[in-house]
Novice: 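The structure that follows is given in the form of structure tokens.
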There are 2 protein chains.
Amino acid sequence: MLVDTGLCDRAAHVCHHRRSENGCVDCKVRLISVCSVLALPELEQLEALSQHLSLDKGQALFGQGETASSVFNVIEGALRLTRLLPDGRRQVMGFALPGDFLGLALQERYSVSAEALGPVKTCRFARHDFAAMVEAKPHLLRSLHERAGYELSLAQDQMLLLGRRTAEEKVAAFLLSLRDRFARAGHSSITVELPMGRQDMADYLGLTMETVSRMLTRLDRAHAILLVPGGARLLDPAKLERLAAS
Amino acid sequence: MLVDTGLCDRAAHVCHHRRSENGCVDCKVRLISVCSVLALPELEQLEALSQHLSLDKGQALFGQGETASSVFNVIEGALRLTRLLPDGRRQVMGFALPGDFLGLALQERYSVSAEALGPVKTCRFARHDFAAMVEAKPHLLRSLHERAGYELSLAQDQMLLLGRRTAEEKVAAFLLSLRDRFARAGHSSITVELPMGRQDMADYLGLTMETVSRMLTRLDRAHAILLVPGGARLLDPAKLERLAAS
DNA sequence: CGACTTGTTGACGCCTTTCAACGTTGGTGG
DNA sequence: CCACCAACGTTGAAAGGCGTCAACAAGTCG
């Protein structure tokens, strides 16, 4: 698609050190990220503030309670967003996928911890710089606010799930919601990738690892899904919807 | 403070029909609502768009999925915000208290239903009008966005509670969080008012009414609280914090 | 190949739900 | 004034869903 893709591949290191491929214009997630509301000149302005940051599996991007010095756009890979109880019990608040923006509330401190589930590429901005840009561009703030509203709605879905659904319903609903999220990002497929482990799913759904495993095999045996390494094939989405009670 | 307070009191009905007391300037919740970021001339502008709306106990302000034609500021009383599963299971997403803004995401449709827990007074704006004002005043949008970030953080607290706390912890944490919310609104007291019924608490905490009742009496018998009609006196907040595991 | 991490499966126990009875409060009308 | 009723809350007994503990399987990396 682009002219210097070849060049970029050869000089991959330098390129990644600067910006995505040849800059924001060519960014894989531009059209599904907050950047999509920016015009070209604004995009260049943003690019000047950006900086690429890669993480390996398990690395933390930031921790709950830390001063929020940066905000991030996820370009590639997935992260889990978690909160901890003092005694170590963990709740996964969500999973960040390509196109997601981390720190959109622009608050002083991170309200969750973010850890890479696998290799991750992000676009980093100093919060101060980004906030200044937001201040100068109300439509960017508007876009951020829209996203915040969407996040709030997702959080409400999750509260309903955590409070009022059974284990089987939780797992079924989780698979469907993941499918929908991938579809929104332009990745429609009958096979849902599960970049997170069973424990992460459990901590997301308010269950134990064992129960998640049991429910997945139950759905498998009911021919609603087919478990494959690193994912699940949704054989019977209609049945899944019924089981999810949504 | 204002000249025609006397007049207004005598003509209370008309006044309430128009705006709070003598208008936004005298509004009880002005300093704790989104309006607090508005300068006086802006406040008058807002007042021109406002309209008072009162509800009786049980009345619905709006329903989930309905077109969001209005947004609201809660002036007096409390509402519950709920979502329903198709089979009738209910999750209370939160309780709106004086100073809270309903519809701050400014989305097309309401994501929850709102019902009055008792007599309620609200300040109503046509969403279109309010959105236009927000568009013209970035600092108002900024304020809305800050509130959205706070709401998101509360939602995360609740997800942690729903997913990872025991029944006793849930109830203890609930009492403490209610106390803190009243304190934020300037209503510090050792006795926490409980404007909602046991079923509403249960649907908020992901429990049954019976379990909530049992945990409350258990806390009472442990001398952590004292149950009183319509509320609870927090006898031993420290013990409560310990029991809440927060 | 062996150690380690991750996931699956089974047996058992407990916390919360379910079902049911009873108590309490407040409003209504005789 | 009090009987009556409905809504709300409390308490008990029993059942069940999910968690806990433990063994085992499978995939991964040195």
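Chain A is the first sequence line, chain B the second, and so forth, proteins listed ahead of strands; every chain is numbered from 1. From a predicted model like this one, the values you see are computed outputs, not experimental measurements.
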Novice: Considering just the side-chain nitrogens and oxygens of A/Arg214, establish if one lies under 4.0 Å of OP1 or OP2 belonging to C/dT8.
Specialist: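 No, outside the criterion.
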Novice: Inspect the contact between A/Glu241 and A/Arg179 and indicate whether a charged nitrogen and a carboxylate oxygen are less than 4.0 angstrom apart.
Specialist: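 Salt bridge flag = yes for A/Glu241 with A/Arg179.
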Novice: Looking at A/Thr211, I'd like to know whether one of its side-chain N or O atoms comes within less than 4.0 Å of OP1 or OP2 on D/dG19.
Specialist: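 Answer yes for this pair, as a side-chain N or O of A/Thr211 is under 4.0 Å from OP1 or OP2.
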Novice: Do A/Phe72 and A/Phe125 have ring centroids that are under 6.0 Å from one another?
Specialist: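 Not close enough - the centres of the two rings lie 6.0 Å or further apart.
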Novice: B/Val120 and B/Ala78: which non-hydrogen atoms are nearest, and at how many Å?
Specialist: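 That closest heavy-atom pairing would be CG2-O, 3.4 Å.
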Novice: With sugar-phosphate meaning primed atoms plus P, OP1 and OP2, does A/Leu207 contact a base, only sugar-phosphate, or nothing at under 4.0 Å between heavy atoms?
Specialist: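 It contacts sugar-phosphate atoms only.
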Novice: Mind listing the closest non-hydrogen atom pair of A/Asp200 and A/Val92 along with its distance?
Specialist: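 Smallest interatomic distance, heavy atoms only, reads O-CG2, 3.7 Å.
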Novice: Could you give me the CA-CA distance, side-chain angles and deciding distance for B/Glu76 and B/Val74, then say whether side-chain contact (heavy atoms from CB on, under 4.5 Å) is met?
Specialist: CA-CA 6 Å; B/Glu76 219 180 288; B/Val74 180; over 6 Å; no
Novice: Using a heavy-atom cut-off of under 4.0 Å over every strand shown, decide if B/Gly206 touches base, sugar-phosphate, or nothing.
Specialist: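 Here B/Gly206 touches the backbone only, sparing every base.
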Novice: Taking the minimum atom-to-atom distance to the side chain of B/Met209, which one of C/dG7, D/dT10, C/dT17 wins?
Specialist: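 Closest nucleotide among those given: D/dT10.
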Novice: Would you confirm whether B/Ser189, through its side chain, and B/Thr191, through its main-chain N or O, come within 3.5 Å as a donor-acceptor pair?
Specialist: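 Here the side-chain-to-backbone pair exists.
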Novice: Check the distance between C/dT18's C1' and B/Glu210's CD and give it to me in whole angstrom.
Specialist: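 Taking atom C1' of C/dT18 as the reference, CD of B/Glu210 is at 7 Å.
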Novice: Less than 4.0 Å between a side-chain N and a carboxylate O, is that true for A/Arg89 and A/Asp203?
Specialist: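 Salt bridge absent between A/Asp203 and A/Arg89.
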Novice: Does a side-chain N or O from B/Thr208 land closer than 4.0 Å to OP1 or OP2 of C/dT17, or not?
Specialist: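 Yes, B/Thr208 has a side-chain N/O under 4.0 Å of OP1/OP2 on C/dT17.
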Novice: Please report, rounded to the nearest Å, how far the C1' atom of D/dG17 is from the CE atom of A/Met215.
Specialist: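 My rounded result for the distance is 8 Å.
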Novice: Can you tell me the distance, in whole Å, between the CG atom of A/Asp200 and the P atom of C/dT5?
Specialist: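 To the nearest whole Å, that distance equals 16 Å.
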Novice: Salt bridge check: are A/Arg181 and A/Asp100 linked by an N-O gap of less than 4.0 Å?
Specialist: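 Here A/Arg181 pairs with A/Asp100 in a salt bridge, since their nearest N and O are under 4.0 Å apart.
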Novice: Quick check on contacts: within residues 162-169 of chain A, what sits under 4.0 Å from DNA chain D by heavy-atom distance?
Specialist: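 Heavy-atom contacts with DNA chain D come from A/Thr166, A/Ala167.
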Novice: For the pair A/Tyr110 and A/Phe62, name the ring-plane relationship: parallel under 30°, tilted 30 to 60°, perpendicular over 60°.
Specialist: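 Correct class here is parallel.
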Novice: Between B/Leu216 (CG) and D/dG9 (C1'), how many Å, whole number?
Specialist: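 These atoms are roughly 10 Å apart.
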Novice: Roughly how many Å is it from CZ in B/Arg198 to P in C/dG23, rounded to a whole number?
Specialist: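 Value for this atom pair: 19 Å.
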Novice: Using atom names, set out every protein N or O paired with an N or O of nucleotides 24-30 of chain D below 3.5 Å, distance rounded to 0.1 Å.
Specialist:
none

Novice: Take atom NZ of B/Lys170 and atom C1' of C/dC15, then tell me their distance rounded to the nearest Å.
Specialist: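 Value for this atom pair: 11 Å.
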Novice: What is the bend of the helix from C/dC1-D/dG30 to C/dG30-D/dC1 when you compare the axis at one end with the axis at the other, using five pairs each and rounding to 10°?
Specialist: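 Terminal axis comparison yields 30°.
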Novice: Using a strict threshold of under 4.0 Å (side-chain N to carboxylate O), is an ion pair present between A/Arg164 and B/Asp87?
Specialist: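 No, no charged N to carboxylate O under 4.0 Å.
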Novice: What's the closest nucleotide to the side chain of B/Thr217 if the choices are D/dT11, D/dG9, C/dT8?
Specialist: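 Shortest atom-to-atom distance from the side chain points to D/dT11.
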Novice: Rounding to a whole Å, what distance do you find between B/Gln199:CD and C/dT18:P?
Specialist: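 Going from B/Gln199 (CD) to C/dT18 (P), I get 11 Å.
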Novice: I need the CG-P distance between A/Leu117 and C/dT5, as an integer number of Å.
Specialist: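 Rounding to the nearest Å, CG of A/Leu117 and P of C/dT5 are 18 Å apart.
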Novice: Out of A/Leu175, A/Val171, A/Leu235, which residue meets the side chain to side chain contact (heavy atoms under 4.5 Å, CB included) rule with A/Ile225?
Specialist: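 Among the candidates, only A/Leu175 passes.
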Novice: For the side chain of B/Leu227, counting heavy atoms from C-beta on, which of C/dT16, C/dT9, D/dT10 is nearest?
Specialist: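 Nearest to the side chain of B/Leu227 among the choices is D/dT10.
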Novice: Is the shortest distance from a Lys or Arg side-chain nitrogen in B/Arg218 or B/Glu168 to a carboxylate oxygen in the other one below 4.0 Å?
Specialist: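 The answer is yes: the pair qualifies as a salt bridge.
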